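Only one structure is covered here, and it is reproduced in the block below.
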Amino acid sequence: MRIDDVALKSKELGYYTYFPQVRSACGRDMTLVDGRNMLNFASCDYLGLSNHERMKESAIAAIRKYGSNIGGPMIFSGFTEYHERLQNSYSDLYAGRTSLMFTTSYQANFGVIPLAAERADLILLDKLSHVSIWDGVKLSGCPFRAYSHADIEMLEQLVQLNQDKKILIITDGVFSADGDVADLGRIVRLKRFHPCLEIYIDDAHGVGMLGSSGQGACEAAGVVLEIDYIVGTMSKAFGSSGGFVVFKDEAFAERVRFRCPTYNASRSVSPGVASASCTALEINASEGGARRAKLADLTRYTHEQLESLGVDKLHSRTAVIPVVFKDPMEAARVNAELVGKGIMGSLFVPPFVPNHQSRIRLCLTYNHTMADVDYCIDSLRKII
Ligand SMILES: Cc1ncc(COP(=O)(O)O)c(C=O)c1O
């Protein structure tokens with residue numbers, strides 16, 4: 001069953017929960033259009049910044065000064081001081097590396113992968129890579145092989161079999177639907193045996209959530225300097241909007257600025273968004289560590305509780321936690337009952353995930369409490 005069928009059938013059965021109409025800011029809880037208040041496990045607001053006073057104030061100040069939009073793509077119509085500061089803030093976060101800002105990280109993958117692929121003869125990617133990676137790979141026209149999810153032995157074999165080729169390895173850092181983390185240490189070790197190999201990590205969920213300074217899964221694995229391309233987003237842990245790519249090869253990044261249509265033929269984020277993103281990175285520098293520590297405690301606690309409940313949560317060990325069901329309609333039913341108890345998760349069915357691994361994805365944020373988690377687990381216990 002695919003998502004459109006699940007949606008239709010859910011409507012018949014009264015389980016439909018997609019496209020909820022929300023009438024409150026993104027936070028620990030959310031108010032629906034009919035006035036119901038829900039505990040919100042459906043946002044990726046990992047550091048709890050989306051509705052932070054400083055973020056809102058900085059967006060308003062930028063809008064007052066520059067209005068709600070810039071004149072066109074930055075290449076022709078220019079950019080504000082907020083865009084410039086944001087660009088520099090990405091580089092600061094990654095110790096001076098060259099970076100480019102994108103309107104979304106979807107656009108970053110879709111635009112940069114085809115250019116990175118021009119430097120390769122073969123792309124090897126994790127089968128569960130995000131759809132934006134897949135779109136970029138298909139657009140590139142470069143030959144590719146997908147290795148089974150997290151199967152580094154298979155990846156090693158594919159690299160060995162293709163010693164004569166220039167290879168680009170692409171994977172999520174933190175996987176968006178499974179919540180597990182790619183074994184970046186082992187992937188980086190492949191460079192020792194294969195000098196013509198580049199590594200591209202889309203860490204949309206990892207940046208801000210992992211690593212002592214918030215650089216994400218690459219920092220947590222101690223491999224930031226070995227990665228050729230790191231993609232991040234401001235739309236999850238950092239509570240704003242916009243994507244970025246950090247490049248190892250500065251000269252190549254400069255070429256991307258001119259050759260990448262999703263960079264130079266699409267409008268950048270508005271001044272308000274750019275300003276809020278700058279503030280998010282300032283907050284990350286001053287209190288990100290404390291926010292991540294609290295989130296990590298909550299994550300550990302939630303995993304323990306779910307383990308005692310005996311649910312299948314695959315190999316997640318992050319704040320992205322799937323609760324898996326063998327049948328999509330069973331997942332839809334449990335999800336609808338959770339909504340009935342005031343808990344909003346995200347229902348993932350094919351094509352996002354395999355049929356027999358349909359799931360409710362629960363995302364934890366800094367603003368949740370252990371009592372929120374207890375209520376969610378207790379509700380799941382009663383329903384399942
Ligand atoms: C792994 C991954 N990459 C990219 C994206 C796109 O993020 P953005 O909102 O910046 O386009 C997502 C969003 O769900 C994602 O999970």
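In listed order, ligands and their atoms are each counted from 1. Nothing here was measured: the structure is a model prediction, and the numbers come from that model.
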Inset, instruction - Just jot down the ligand 1 atoms closer than 4.0 angstrom to any heavy atom of Ala204, in number order. - result: 1 (C), 2 (C), 3 (N), 4 (C), 15 (C)
Legend entry - Short N-O contact, Lys191 and Glu198, less than 4.0 angstrom: no
Inset, instruction - Describe, in one word, how the ring planes of His368 and Phe41 are oriented to each other, choosing from parallel (under 30°), tilted (30 to 60°) and perpendicular (over 60°). - result: parallel
Legend entry - Top protein contact for atom 4 (C) of ligand 1, by heavy-atom distance: Ser105 OG, 3.3 Å
Inset, instruction - Give the ring-plane orientation class for Phe244 versus Tyr90, where under 30° counts as parallel, over 60° as perpendicular and anything between as tilted. - result: parallel
Legend entry - Lys/Arg cation over aromatic Phe348: Arg361, 6.0 Å, 45° cone: no
Inset, instruction - Please identify which atoms of ligand 1 are closer than 4.0 Å to at least one heavy atom of Thr233. - result: 8 (P), 10 (O)
Inset, instruction - For Tyr106, take its heavy atoms, then give the atoms of ligand 1 lying under 4.0 Å from any of them. - result: 6 (C), 11 (O)
Inset, instruction - Specify the protein heavy atom at minimum distance from atom 9 (O) of ligand 1: its residue, its atom name, and the distance to 0.1 Å. - result: Ser235 OG, 3.0 Å
Legend entry - Ser132 touching ligand 1 at heavy-atom level, < 4.0 angstrom: yes
Inset, instruction - Any pair with a residue in residues 130-139 that passes side-chain hydrogen bond (donor to acceptor under 3.5 Å, both in side chains), sequence neighbours left out, goes on the list, sorted by first then second residue, please. - result: Tyr106-Asp135, Asn109-Ser132, His130-Ser132
Inset, instruction - Within a distance under 4.0 Å of any heavy atom of Ser176, pick out the atoms of ligand 1 and give their elements. - result: 16 (O)
Inset, instruction - Would you check, one step at a time, whether the test side chain to side chain contact (heavy atoms under 4.5 Å, CB included) holds for Arg97 with Ser91? - result: CA-CA 5 Å; Arg97 275 222 186 161; Ser91 296; 5.8 Å; no
Legend entry - Verify same cluster id: Leu362, Leu347 (apolar side-chain graph, 4.5 Å): no
Inset, instruction - Would you verify whether the NZ or CZ of Arg359 falls within 45 degrees of the ring axis of Phe325 while also being under 6.0 Å from that six-membered ring's centre? - result: no
Legend entry - N or O contact, His205 vs ligand 1, cut-off under 3.5 Å: yes
Legend entry - Heavy-atom nearest neighbour in the protein, as seen from atom 3 (N) of ligand 1, with distance rounded to 0.1 Å: Asp202 OD2, 2.6 Å
Legend entry - Lys236 near ligand 1 by a heavy-atom separation under 4.0 Å: yes
Inset, instruction - Please report which non-hydrogen protein atom sits nearest to atom 12 (C) of ligand 1, along with the residue it belongs to and the distance in Å to one decimal place. - result: His130 NE2, 3.3 Å
